Amino acid sequence: MSFDFDLFVIGAGSGGVRAARMAASHGAKVAIAEEYRFGGTCVIRGCVPKKLFVYAARFDGAFQDAAGFGWDVGDVSFNWQKLVAAKDKEISRLSDIYLKNLTNSGVTSFSERAEITGPNEIKLVSSGQTITAKTILIAVGGAPYKPEIEGAELGITSNEAFDLETLPASITVIGGGYIAVEFASIFNGLGVDTALAYRGPEVLRGFDMDVRTGLTEALGTRGIDVRLSVSPTKIERQGDGYLLHLDDGSVLETGLVMFATGRVPHTSGLGLDTVGVTMGQNGKVIVDEYSKTSADGIYAVGDVTDRVNLTPIAIREGAAFVETVFNNNPTAVDHSLIPTAVFSEPEIGTLGLSEDEALSKYGEIDVYKSQFNPMKNAVSDRVEKTLMKLIVETKGQRVVGCHILGPDAGEIIQALGIAVVMGATKADFDKTVALHPSAAEELVTMRDKSYSRTA
Ligand code: NDP
């Protein structure tokens with residue numbers, strides 16, 4: 001049978017674009033369709049614009065700290081529209097590059113929604129064109145989820161947060177995950193009176209407990225009104241703002257409500273049921289270790305599979321799919337030991353197992369923990385401790401978890417990740433000479449274990 005294309009990719013985000021370009025480099029005839037903007041969530045309304053906003057928000061702390069070092073910063077003001085325009089310019093530049101790179105790789109691009117209509121058939125929704133392909137890759141990502149409460153439509157999500165016409169005087173962010181703590185820190189830094197309402201006892205469920213406790217406290221110290229163990233029940237308009245009702249009976253008056261209550265795979269209406277692709281909770285595409293779905297010739301990578309929802313993982317899954325299908329080299333992605341950062345203020349960098357996970361996996365662990373006042377704070381008078389924590393499995397003395405809360409945590413954990421992925425032991429850390437004065441030197445100077453635990 002002959003097909004129009006060897007590979008048709010639905011979704012031009014991180015995973016889809018990587019797969020399309022790599023498959024083309026192996027000589028495959030490839031097409032890709034994108035219904036919104038080339039670059040996907042990360043480039044258009046995720047990691048990239050978020051990090052630009054994080055940079056903007058951190059000037060607030062820098063201005064405060066500057067006084068202790070002799071600077072008289074004077075009156076400062078912030079222009080939201082200018083930041084949004086600068087962000088828009090940068091993401092347009094990046095989106096253009098994504099499209100150009102696809103073209104240069106010989107990939108045919110369609111700027112419209114595509115849906116699957118048969119085992120090897122795709123329909124382009126706007127033009128009505130039908131296309132056949134030997135292999136289809138679903139890389140459509142995810143979309144924000146809002147809980148079903150009265151007035152939920154009045155709240156925004158991260159999608160809208162990037163393009164607000166004006167910055168509200170106050171905001172309440174609902175949720176306690178990555179997006180919630182990052183956006184609460186951004187709005188707080190930009191001078192918005194910020195509250196965070198989370199249903200759990202400490203933010204960032206699944207992270208190491210010391211990091212969770214440390215960040216929860218630090219958000220409060222930085223001026224965020226952190227409400228824990230509460231869920232929203234209703235939102236209603238009040239004047240220019242809103243009333244947010246919580247299940248503890250309290251009602252928050254707020255200028256804006258933002259839901260950061262998770263994301264769900266973007267599979268609705270894609271036609272997956274018509275071709276027998278098995279889907280799980282919230283419409284995620286179920287795949288095997290090679291990213292193959294239950295239907296022959298149909299694969300899926302990235303957030304739509306809800307494995308580990310991070311850009312570098314989608315990219316790896318896209319590359320592994322191409323190795324498997326177009327280079328005759330079955331390749332599975334290792335989803336363990338992934339360094340990750342949360343760009344809250346203060347920042348988190350984490351890798352490997354939390355203390356509790358390591359205990360249940362290894363049965364016996366040594367914990368090295370240091371909490372200290374960074375040198376910069378001594379002069380700036382900021383009260384905020386940095387936390388560094390190493391989890392070591394007692395028997396083999398391998399470092400199996402590393403958790404940092406403090407400035408530059410993400411940058412530190414990326415580099416440290418190489419050693420941990422290589423299987424470094426605590427003795428290897430001890431062997432490494434400290435770089436002084438730095439915060440990261442603490443990681444190689446923690447000689448005495450804080451405590452050991454046995455399951
Ligand atoms: P997360 O899954 O991290 O967090 C969702 C939050 O919403 C959790 O705190 C959850 O509570 C809460 N929640 C879920 N449902 C409800 C509900 N019905 N009512 C009240 N609260 C609710 O999702 P995010 O949207 O923050 O981020 C999505 C993904 O994007 C992340 O998993 C991450 O992989 C990725 N990401 C990565 C970033 C980075 O690398 N820096 C930055 C941003 C996103 P509970 O904990 O109790 O379940």
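Being a predicted model, the structure only gives us computed values, none of them experimental. Remember, it's 1-based here, ligands and their atoms both numbered in the order they're listed. Counting from 1, the numbers follow the sequence of the chain as shown.
For atom 42 (C) of ligand 1, the closest heavy atom belonging to the protein is Glu182 OE1, 3.2 Å. Ranking protein heavy atoms by distance to atom 48 (O) of ligand 1, first place goes to Arg205 NH2, 2.7 Å. For atom 28 (C) of ligand 1, the closest non-hydrogen atom on the protein side is Arg263 CD, 3.8 Å. Ranking protein heavy atoms by distance to atom 11 (O) of ligand 1, first place goes to Arg199 NE, 3.2 Å. The closest protein non-hydrogen atom to atom 34 (O) of ligand 1 is Asn309 O, 2.7 Å. Considering only non-hydrogen protein atoms, atom 39 (C) of ligand 1 sits nearest to Tyr178 CD2, 3.3 Å. The closest protein non-hydrogen atom to atom 6 (C) of ligand 1 is Ala260 O, 3.5 Å.
The aromatic rings of Trp80 and Phe187 lie tilted to each other, with the angle between the two planes from 30° to 60°.
Using a 4.0 Å cut-off between heavy atoms, Val203 makes no contact with ligand 1 at all. Residue-level proximity to ligand 1 for Ala341 is carried by the backbone, the only part with a heavy atom below 4.0 angstrom.
For the pair Ala12 and Glu34, the tightest heavy-atom approach, listed with the atom from each and the gap, is N-OE1, 2.8 Å. What you find for Met279 and Val285 is that their closest heavy atoms are CG-CA, 4.4 Å. Heavy atoms only, all atoms of each residue included: Ala161 and Phe183 are closest at CB-CE2, 3.7 Å.
Sorted by first then second residue, the ring pair (Phe, Tyr, Trp, His ring centres under 6.0 Å) pairs that include residues 201-224, not counting sequence neighbours, are Tyr178-Phe207. Judged as a side-chain hydrogen bond (donor to acceptor under 3.5 Å, both in side chains), the pairs with a partner in residues 359-368 (not counting sequence neighbours) are, in order, Tyr362-Arg398, Asp366-Thr394, Asp366-Gln397, Asp366-Ser452.
For the residue pair His266 / Glu35, a side-chain donor-acceptor distance below 3.5 Å is found, with atom types taken as modelled.
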